[in-house]
Amino acid sequence: MFLYNTLTNKKEEFVPINDKNVTMYVCGPTVYDYFHIGNARSFIMSDILRKYLEYKGYNVTFAMNLTDVDDKIIKKANAQGVDSNVIAKRYSEAFFEDIEKLKVKKATIYPKATEHIKEIIDIIQKIQDNGYAYNIDGNVFFDVVKFKDYGKLSGKNIDDLISGARIEINEEKTNPLDFALWKKAKPGEPYWESPWGNGRPGWHIECSAMSTKHLGETIDIHAGGNDLIFPHHENEIAQSECANNKKFVNYWLHFGFLNINDEKMSKSLGNFFTARDILKTYSAESIRLLFSQSNYGSPLNFKSELLDATQKGLDKINNFIIRLDEIILLNKSGITPAFVIEDYKKQFAEAMDDDFNTPKAVAVIFDFVRDANKVLDENPAISSEFVKEIKSFVYNTAEGVLGIIAPVKEIKADNTLTDKLIEMLIQLRTNAKLEKNYKLSDTIRLELDKLGIVLQDTKTGTTFKINS
RNA sequence: GGCGGUGUGGCCAAGUGGCUAAGGCGAAGGUCUGCAAAACCUUUAUUCAUCGGUUCGAAUCCGAUCGCCGCCUCCA
């Protein structure tokens, strides 16, 4: 498997440190609000990567942090006159609800900054002991110029950064690029005790501390949004490598930004969409298929028309699944056609192995569905066992890795009374058709359709499905 | 200004040196059907922003031009 590594700007063969065990860290949310559709891309794409690694037989330890102490949280808490952990708790819970709706598999661990203050203090201490940090009156800063590799991820050099620095010069720092590891407590802010006095962690340090604690000093994969490359990930490298004297991450992956109607998403432009809102109109599968149909690293211009189009593609796969289920239900024996599922399996893996090429992988699935449909058309007597194999391929890939198969619509109603009533109506319609009373038969079909019950005439009789 | 990315059919999008330029949506026609639905088939880019170059051969490499985007501000 090859991955595009931001650190080297090259596609590199993925070789885990520890054989079949992979460690993976993805920057999670700052829990001060519902996450938006752009965040959702990171969560979904890292989920797909993780699931694919597992599909390939790797044992993945996947950590995603929750930043639960931060300026934005504090600001919101003060505005609402509540404690900052009330805000953090509220939006952490919302985060878990939303990722579940998006069919994102739970990470192995979701470490929280506030539960790792000890580890954070320890790692700051190490950085300071190693000579890369300085303390000014209870604020501890990382001394950027001391770390010779600073800028290696983002391709920046320190001199350019200094001359281009637009941030107001903080009198306390010796260099404007230096960033806070530990912030001295201000009135009205949460704080913890530390060797430097009461304060709270800087934003970057938690990832270094928690990644080291849960995954080790060097990890396989670290991913996040494109905008985190600088300064966040650059700073993580500086912190971790200066604390541990070891390479921090072997493979850096970055997800492209998502624009809305060609504009950057922002609250002021009024084009800010939370995942929660979008899920009210569109299914998780639509969102996941849309993201899968473009390269994870490229920018994606998000429009509702794209989700509409995606939904149609999804229907094609879902109808196929329903068709398979119907055949399996009949449990017939029959021929095993010359249809080599293994070929598609190989193509799917080839696509995914090539830097996680989900658009190509999706194309393989659509090819498979088309070809398998053709096989089913041409072979009315097909063995149910073989159909199960077909289904198993689609499930392992389209659902198991990509998560794009909707919960199967009911072939039969869950309520036997409803079931029987529908069967009666179908029988009436069939009789009407035989009598060429098409006016009646069409009325029955259309009225049922209004109720979300879709009839389909097949060679073996009329079937129905119920749309939720 | 510095760094990086990108420009492929009506829309989205894969392909980064050589078989007929994937796939999805849309559109047109067809098979099946009383009609639908579903499914399948056919058609829909002699062409890959533009101009030049390298090469037996380029969407793919190089140069220039134009366009768009991101980062350099604790935004995923």
Side-chain angles (χ1 to χ4, degrees), chain A residues 6 9 26-30 35-43 45-46 67 70-72 151 154-157 159-161 163-168 177 179-180 183 202-204 223-232 234-235 254-259 262-267 272 289-290 292-295 297-301 303 305-317 319-320 322-323 347 351 354 357-367 369-378 433 436-438 441-442 445-446 449 454-459 462-465:
Chain A
T6 312
N9 285 320
V26 177
C27 291
T30 299
F35 66 82
H36 56 69
I37 190 67
N39 301 97
R41 190 181 193 191
S42 288
F43 302 149
M45 294 320 284
S46 54
T67 301
D70 159 273
D71 291 346
K72 291 194 287 284
S154 54
K156 300 182 186 306
N157 69 64
D159 294 338
D160 286 347
L161 286 169
S163 62
R166 277 186 265 153
I167 44 174
E168 58 190 83
L177 294 181
F179 54 92
K183 292 178 164 183
W203 177 45
H204 311 292
N226 234 327
D227 58 326
L228 292 180
I229 295 173
F230 190 90
H232 183 56
E234 198 69 72
N235 292 353
H254 289 96
F255 304 115
F257 238 68
L258 197 143
N259 292 321
D262 290 313
E263 285 175 319
K264 188 165 172 166
M265 176 164 39
S266 75
K267 287 187 178 168
F272 188 91
L289 180 58
L290 175 63
S292 298
Q293 277 182 311
S294 52
N295 183 284
S298 305
L300 174 59
N301 193 25
K303 299 184 251 193
E305 303 87 78
L306 294 178
L307 280 172
D308 291 332
T310 307
Q311 186 57 50
K312 298 279 175 54
L314 236 34
D315 288 344
K316 183 177 274 192
I317 299 173
N319 287 329
F320 177 64
I322 289 169
R323 183 177 191 186
Q347 286 174 41
D354 180 19
N357 190 334
T358 51
K360 209 187 231 178
V362 168
V364 172
I365 288 168
F366 277 110
D367 281 342
V369 169
R370 183 197 57 226
D371 295 346
N373 261 321
K374 210 186 298 181
V375 167
L376 295 180
D377 282 349
E378 288 163 1
K433 277 172 67 177
K436 299 205 190 301
N437 184 352
Y438 297 125
S441 67
D442 287 351
R445 195 186 73 226
L446 294 172
D449 191 72
V454 181
L455 302 190
Q456 288 188 13
D457 293 333
T458 70
K459 279 174 186 154
T462 302
T463 63
F464 68 91
K465 64 176 182 178

Using the side-chain heavy atoms of [X], tell me which of these nucleotides is nearest: [options].
| X | options | value |
| --- | --- | --- |
| A:Pro231 | B:A76, B:A22, B:C72 | B:C72 |
| A:Lys183 | B:A76, B:G23, B:C74 | B:C74 |
| A:Lys303 | B:C12, B:C40, B:G34 | B:C12 |
| A:Thr30 | B:C69, B:A76, B:G23 | B:A76 |
| A:Lys374 | B:G23, B:A13, B:C40 | B:C40 |
| A:Trp203 | B:C69, B:C74, B:A38 | B:C74 |
| A:Leu306 | B:C12, B:A14, B:A39 | B:C12 |
| A:Gln456 | B:A38, B:G2, B:G23 | B:A38 |
| A:Arg370 | B:C41, B:A76, B:A22 | B:C41 |
| A:Lys316 | B:C25, B:A37, B:C71 | B:C25 |

Pair assignment for [N], Watson-Crick or G-U wobble, requiring both distances under 3.5 Å:
| N | value |
| --- | --- |
| B:C71 | B:G2 |
| B:U42 | B:A28 |
| B:A22 | none |
| B:G7 | B:C66 |
| B:A58 | none |
| B:U33 | none |

- [ ] Fit a plane to each ring of A:Phe43 and A:Phe35, take the angle between them on a 0 to 90° scale, and name the class: parallel (under 30°), tilted (30 to 60°) or perpendicular (over 60°).
- [x] perpendicular
Answer with base, sugar-phosphate or nothing: what part of the nucleic acid does [X] contact at a heavy-atom distance below 4.0 Å?
| X | result |
| --- | --- |
| A:Leu258 | base |
| A:Asp367 | sugar-phosphate |
| A:Leu455 | base |
| A:His232 | nothing |
| A:Asp449 | nothing |
| A:Ala363 | base |
| A:Ser441 | base |
| A:Gly202 | nothing |
| A:Gly155 | sugar-phosphate |

I'd like the [atom1] distance from [M] over to [N], given in whole Å.
| N | M | atom1 | answer |
| --- | --- | --- | --- |
| B:U42 | B:U47 | P | 23 Å |
| B:A14 | B:U54 | C1' | 27 Å |
| B:G17 | B:U60 | P | 11 Å |
| B:G9 | B:C48 | C1' | 10 Å |
| B:G70 | B:G24 | C1' | 27 Å |
| B:C62 | B:U16 | P | 14 Å |
| B:C12 | B:G57 | P | 34 Å |
| B:A49 | B:A59 | C1' | 12 Å |

Measure [atom1]/[X] against [atom2]/[N] and give the value in whole Å, please.
| X | N | atom1 | atom2 | result |
| --- | --- | --- | --- | --- |
| A:Ile365 | B:A22 | CD1 | P | 19 Å |
| A:Phe179 | B:U73 | CZ | P | 13 Å |
| A:Phe35 | B:A76 | CZ | P | 12 Å |
| A:Leu228 | B:U73 | CG | P | 15 Å |
| A:Asn226 | B:C3 | CG | P | 18 Å |
| A:Ile229 | B:C75 | CD1 | P | 13 Å |
| A:Lys156 | B:U73 | NZ | C1' | 12 Å |
| A:Phe366 | B:A13 | CZ | C1' | 12 Å |

For the base of [N], is there a side-chain donor-acceptor partner from [X] under 3.5 Å away?
| X | N | result |
| --- | --- | --- |
| A:Asn301 | B:C69 | no |
| A:Asp442 | B:G34 | yes |
| A:His254 | B:A76 | no |
| A:Arg445 | B:C35 | yes |

Could you tell me whether the phosphate oxygens of [N], OP1 or OP2, come under 4.0 Å of any side-chain nitrogen or oxygen in [X]?
| X | N | answer |
| --- | --- | --- |
| A:Asn39 | B:A76 | yes |
| A:Asn357 | B:G15 | yes |
| A:Lys312 | B:G26 | yes |
| A:Asn373 | B:C40 | yes |

Task: Inter-residue atom distance A:Arg41.CZ - A:Leu300.CG, 0.5 Å rounding - done: 4.5 Å
Open item on the list: Is any side-chain heavy atom of A:Asp367 closer than 4.5 Å to one of A:Arg370?
Closed with: yes
Task: Pairwise side-chain contact, A:Phe320 with A:Leu376, heavy-atom cut-off 4.5 Å (strictly under) - done: yes
Open item on the list: Taking 5.5 Å and 30° as the limits, would you call A:Phe257 and the base of B:A76 a stacked pair?
Closed with: yes
- [ ] Check whether the aromatic ring of A:Tyr438 stacks on the base of B:G34, taking stacking as ring centres less than 5.5 Å apart and planes within 30° of each other.
- [x] yes
Ignoring hydrogens and angles, tell me if any N or O in the side chain of [X] forms a donor-acceptor pair with the backbone of [Y] under 3.5 Å.
| X | Y | value |
| --- | --- | --- |
| A:Asp354 | A:Asn357 | no |
| A:Thr358 | A:Ser292 | yes |
| A:Asn39 | A:His36 | yes |
| A:Arg445 | A:Leu455 | no |
| A:Gln347 | A:Val364 | no |

- [ ] Take A:Ser298 and A:Glu305, find for each the nucleotide of RNA chain B with the closest heavy atom, and name the residue whose nucleotide sits nearer the 5' end.
- [x] A:Ser298
- [ ] Please figure out whether A:Asp70 or A:Phe320 has its closest RNA chain B nucleotide nearer the 5' end.
- [x] A:Phe320
- [ ] Identify whether the distance between the nearest side-chain nitrogen and carboxylate oxygen of A:Lys374 and A:Asp377 falls below 4.0 Å.
- [x] no
